[in-house]
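Below is one structure, written out as structure tokens, with a few remarks after it.
The residues of the chain are indexed from 1 along the displayed sequence. In listed order, ligands and their atoms are each counted from 1.
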Amino acid sequence: MQINADLHVHSNYSKDSMITPKELVFYAKKRSLNAVAVTDHNQIEGSLKIAKESDFLVIPGMEVSSLDGHIVALNLGELIPRGLTAQETVDRIHKAGGIAIAVHPYAWLKGSLGHHVEEAKFDAIETLNASAFPFGLNKRKATAAALKLKLPQVAGTDAHFGPTIGYGYTALDCEPNVEAIAKAIVNGKCQPFGQQVPLTLTLQRQYSLIRRRI
Ligand SMILES: [Zn+2]
Ligand SMILES: [Zn+2]
């Protein structure tokens, strides 16, 4: 069957995200998604907790700040430390039974991998990141890298604000469970879809962040 999953969402366990577990499920259902990956920065407890307690298919994972740039690990049960090289990080993810995705490799201001994407054995490349800037440039260069390296392509929103969930999503040909989704990605039974998060939503998020700081 076809599973539509946003593979890159930050919950409010990430300091820079405002998405509560309840909101996450609300918007995922509203956008007709079948699954969501919770990928908080350098921590996994929130993701594991939401996956366990939610009545929705949540893929546990995290976004690791490697020395060389951001890497998303999915189907993971343990914390991967930050600050290692890309290849060390990918090895750790594989040892832990997870899969490693090079996310927003060419986006600006996001801690992106850039040319390091070629230095590690990633399972897939996030060729569409709905929050990436510049959106088109990141997508073009990431797609070219995926084709060159013959790697599967996935998409996610990199959502930090509820209403943006689902702007980037991956269509997977598999059964609706975490193991099957991870396997489908590794085997390339996946396709990236989506569009850039509209500017109005980006501005709404900035406004809420500023209000929170005052
Ligand atoms: Zn990132
Ligand atoms: Zn992210």
* Do other residues, nucleotides or ligands put more than 12 heavy atoms under 6.0 Å from the NZ atom of K183? ->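 No - once you tally the heavy atoms of other residues, nucleotides and ligands closer than 6.0 Å, there are 12 at most.
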Of the protein N/O/S atoms, how many lie under 2.8 Å from the Zn ion (ligand 2):
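With waters ignored, the protein N/O/S count below 2.8 Å is 4.
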Margin query: When you compare the side chains of D68 and T85, does any donor N or O come within less than 3.5 Å of an acceptor on the partner?
Written below: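 Not at all, the side chains of D68 and T85 share no donor-acceptor pair under 3.5 Å.
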> Strictly by modelled atom types, are S14 and H41 linked by a side-chain donor-acceptor pair under 3.5 Å?
Replying inline: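 No pair is found: no donor N or O on one side chain lies under 3.5 Å from an acceptor on the other.
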| said: Taking the side chain as everything from C-beta on, heavy atoms only, tell me whether N12 gets closer than 4.5 Å to P21. | reply: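 Heavy-atom side-chain distance check passes, below 4.5 Å.
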Extract all donor-acceptor atom pairs below 3.5 Å that involve side chains of residues 157-166 and protein atoms in other chains or at least two apart in sequence.
from	atom 1	to	atom 2	distance (Å)
T157	OG1	D6	OD2	2.6
T157	OG1	G166	N	3.3
T157	OG1	Y167	N	3.2
T157	OG1	G168	N	2.9
T157	OG1	G168	O	3.3
D158	OD1	H8	NE2	2.8
D158	OD1	H10	NE2	3.0
D158	OD2	K110	NZ	2.7
D158	OD2	N129	ND2	3.3
H160	ND1	D158	O	3.0
H160	NE2	D16	OD2	3.2
T164	OG1	F161	O	2.7

L7 and its side chain to side chain contact (heavy atoms under 4.5 Å, CB included) partner, picked from T39, I185, V103:
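Running side chain to side chain contact (heavy atoms under 4.5 Å, CB included) over T39, I185, V103 with L7 returns exactly one hit, I185.
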